[in-house]
Amino acid sequence: MGGLVNDEISLTFDDVFIVPQYSEIRSRIDIETWSSVGEGIGLNVPLIATPMDTICEKEMAIALGQLGGMGTIHRFMSIDEQIAQVNETLNYVSNTHLAAAVGVGQSDRKRITRLCQETDIQILNVDIAHGHHQLMKETIGAIRAGFPEIHIMAGTVCTPEAVKDLIEWGADSIQVGVGNGSLCTTRIKAGVGVPQFTALRQCVKACHSSGVAIIANGGCKSPGDIAKAIAAGASAVVVGSLFAGTKETPGDIRKTGTWPNETLYKAYRGSASADSKSARGEKTNIEGTSQVVLYRGKVKRIVDDIMDGLRSSMSYTGSDTIAKFQNNAVFNRVSQAGLNEAQPHGLGRNSL
C-alpha cells in the first residue's frame with residue numbers, strides 16, 4: 001500500500017512574496033527590529049549564527065553580539081575549548097546573548113554539566129538533525145533536572161507534532177528546518193523534509209499561546225528570504241551560508257592567482273559533510289557537502305544588508321515592529337514566471 005500521502009502542496013520561500021500594504025512609516029529609521037526568543041532574551045538584530053565549524057566560534061559570536069545578534073559556539077571541539085571560547089566571548093562583550101551547542105549522546109551530558117558549571121552561558125542549543133526523537137526528550141529532561149534556569153533551544157524539527165512534543169518536554173525555543181540548508185543533502189540522500197515556508201507556518205501555529213519562540217533554521221538565500229521567514233512568524237533566523245566567507249568565520253583566508261589579481265576565499269562545509277565528519281573521526285551518514293566561497297570581508301556588511309532588507313519589507317507592510325509585521329503580513333503564491341519576473345532582467349544592453 002505504501003505510506004500516506006498529504007496532498008496539500010508545501011511551499012518554500014521562492015513560492016511566495018509579501019503583499020505591500022498601506023503604510024504611514026515616514027522613515028525606516030523609525031522601525032524597531034527587536035525580537036524576543038525567550039524570557040529575558042531579546043535581539044535587536046534577530047539573526048543567530050549557526051553552530052557550524054566553518055561559521056561560528058568566538059570571533060563570529062563577539063562580532064554578531066556587538067551588532068545586536070547572537071552567536072552559537074559549535075560543539076565540534078573539545079569541551080575545554082568550547083568552555084574557553086564561551087568564557088572569552090562573554091568576557092569580551094558584557095551582556096551579550098550567547099548560545100553553546102550540545103548534542104544528545106552520553107558524552108554530551110558531561111559537556112552540558114561543565115558548560116553550565118564553568119561558564120555563564122544562558123542558552124544551550126541542543127543541536128541535532130532530527131529533533132523529534134527520544135534522545136532529545138531525554139536530554140531536555142536532564143538539562144531541566146540539573147539546570148532549570150538554562151534556556152533550552154531545541155532543534156531541528158519541521159512538523160507541528162514535533163513542536164508540540166518539544167514544548168511538552170520543556171524546550172524554551174524551537175528551531176525549525178530539516179533538509180533545507182545550502183550544504184545539506186538530506187532531501188537528496190534520505191528524501192526527508194518539509195519545504196521551509198510551510199514548515200514555519202505550521203510550526204508557528206502549533207506553538208500559538210505557548211510562549212515558546214520558533215526560530216527559522218536554513219533555507220534563506222537572500223535578505224528577502226529572511227524577511228519572509230520573520231513575517232511568517234519566526235522570532236529569529238539562524239544564518240549559515242549568508243555569513244560564510246566573512247572575516248569572522250573560522251579558518252584561514254586562502255588565495256589563488258597572482259598578485260595583484262588574487263582571488264581570496266574561505267572554506268564552508270556542512271556539519272554532516274564528509275570533510276567535517278572525517279575531521280571528527282566519523283565515516284557514515286554523510287548528508288552534507290563542502291565548498292569554498294569568496295572572501296566577503298567583515299560580517300557587519302552582510303548584517304547591514306540583511307537588516308536593510310528587513311526594515312524595507314516591514315515598511316512596505318506599514319509595520320514598525322516585528323509583532324505588527326507578523327500580524328500584517330499577507331503572502332501571495334507565485335508561479336515560476338512570477339519568480340523569474342522578480343529577478344533583475346533586461347540588463348543585456350548598456351549595463352555596467
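All values derive from a computational prediction rather than experimental measurement.
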Mark yes or no for whether [X], through its side chain, and [Y], through its backbone, hold a donor-acceptor pair below 3.5 Å.
{"X": "Ser35", "Y": "Ala236", "answer": "no"}
{"X": "Asn125", "Y": "Met153", "answer": "yes"}
{"X": "Thr33", "Y": "Asn44", "answer": "yes"}
{"X": "Thr156", "Y": "Ala129", "answer": "yes"}
{"X": "Thr198", "Y": "Leu11", "answer": "yes"}
{"X": "Thr113", "Y": "Lys110", "answer": "no"}
{"X": "Lys266", "Y": "Gly251", "answer": "yes"}

Looking at every heavy atom in both [X] and [Y], which two are closest together, and how far apart are they?
{"X": "Asp108", "Y": "Val102", "answer": "OD1-C, 3.9 Å"}
{"X": "Cys207", "Y": "Ile214", "answer": "SG-CG1, 3.4 Å"}
{"X": "Ala244", "Y": "Thr249", "answer": "CA-CG2, 4.4 Å"}
{"X": "Ser313", "Y": "Ile18", "answer": "OG-CD1, 3.4 Å"}
{"X": "Phe243", "Y": "Leu47", "answer": "CZ-CD1, 4.3 Å"}
{"X": "Asp172", "Y": "Ile150", "answer": "OD2-O, 3.6 Å"}

Evaluate the side-chain proximity of [Y] to [X]: yes if any heavy-atom separation is below 4.5 Å, no if none is.
{"X": "Pro223", "Y": "Ile306", "answer": "yes"}
{"X": "Val176", "Y": "Val194", "answer": "no"}
{"X": "Leu98", "Y": "Ile121", "answer": "yes"}
{"X": "Val126", "Y": "Val104", "answer": "yes"}
{"X": "His130", "Y": "His132", "answer": "yes"}
{"X": "Val19", "Y": "Tyr316", "answer": "no"}
{"X": "Cys220", "Y": "Val239", "answer": "no"}
{"X": "Arg187", "Y": "Asn180", "answer": "yes"}

If you round to the nearest 0.5 Å, how far is [atom2] of [Y] from [atom1] of [X]?
{"X": "Gln196", "Y": "Cys203", "atom1": "CD", "atom2": "SG", "result": "8.5 Å"}
{"X": "Ile302", "Y": "Leu64", "atom1": "CD1", "atom2": "CG", "result": "12.0 Å"}
{"X": "Leu115", "Y": "Asn87", "atom1": "CG", "atom2": "CG", "result": "9.0 Å"}
{"X": "Gln117", "Y": "Ile112", "atom1": "CD", "atom2": "CD1", "result": "12.0 Å"}
{"X": "Glu248", "Y": "Glu57", "atom1": "CD", "atom2": "CD", "result": "13.0 Å"}
{"X": "Met314", "Y": "Gln326", "atom1": "CE", "atom2": "CD", "result": "9.0 Å"}

In sequence, state the C-alpha distance, the side-chain angles, and the governing distance for Ile174 and Ile167, and then conclude on side-chain contact (heavy atoms from CB on, under 4.5 Å). CA-CA 8 Å; Ile174 299 171; Ile167 292 171; 3.9 Å; yes
Would one find more than 12 heavy atoms of other residues, nucleotides or ligands at under 6.0 Å from atom [atom1] of [X]?
{"X": "Asp120", "atom1": "CG", "answer": "no"}
{"X": "Ile188", "atom1": "CD1", "answer": "no"}
{"X": "Gln134", "atom1": "CD", "answer": "yes"}

Hydrophobic cluster identity match, [X] and [Y], side-chain contacts under 4.5 Å:
{"X": "Ile215", "Y": "Ile73", "answer": "no"}
{"X": "Met52", "Y": "Tyr295", "answer": "no"}
{"X": "Val293", "Y": "Val238", "answer": "no"}
{"X": "Ile128", "Y": "Met77", "answer": "yes"}
{"X": "Leu310", "Y": "Phe13", "answer": "yes"}

Any pair with a residue in [range] that passes salt bridge (Lys or Arg N to Asp or Glu O under 4.0 Å), sequence neighbours left out, goes on the list, sorted by first then second residue, please.
{"range": "residues 61-88", "answer": "Lys58-Glu88, Arg75-Asp127, Asp80-Arg114"}
{"range": "residues 10-30", "answer": "Asp14-Lys221"}
{"range": "residues 291-305", "answer": "Lys300-Asp304"}
{"range": "residues 150-169", "answer": "none"}

Decide yes or no on side-chain contact (heavy atoms from CB on, under 4.5 Å) for Ile79 and Ser107, but give the supporting numbers first. CA-CA 10 Å; Ile79 300 174; Ser107 62; over 6 Å; no
Tell me, with the steps shown, if Met70 and Ile123 meet side-chain contact (heavy atoms from CB on, under 4.5 Å). CA-CA 11 Å; Met70 184 170 75; Ile123 303 165; 3.5 Å; yes
Please lay out, stage by stage, how Thr139 and Ile152 fare under the test side-chain contact (heavy atoms from CB on, under 4.5 Å). CA-CA 10 Å; Thr139 300; Ile152 299 174; over 6 Å; no
Relative to each other, are the rings of Phe331 and Phe197 parallel, tilted or perpendicular (30° and 60° limits)?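 Geometry flag for Phe197 against Phe331: perpendicular rings.
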Got a sec, which pairs hit side chain to side chain donor-acceptor pair (under 3.5 Å) with one end in residues 327-339, sequence neighbours left out?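 Listed by first then second residue: Ser319-Asn328, Gln336-Asn340.
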Could I get the full list of ring-ring contact (aromatic ring centres under 6.0 Å, His included) partners for Phe325, not counting sequence neighbours?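 Not a single residue meets the ring-ring contact (aromatic ring centres under 6.0 Å, His included) criterion with Phe325.
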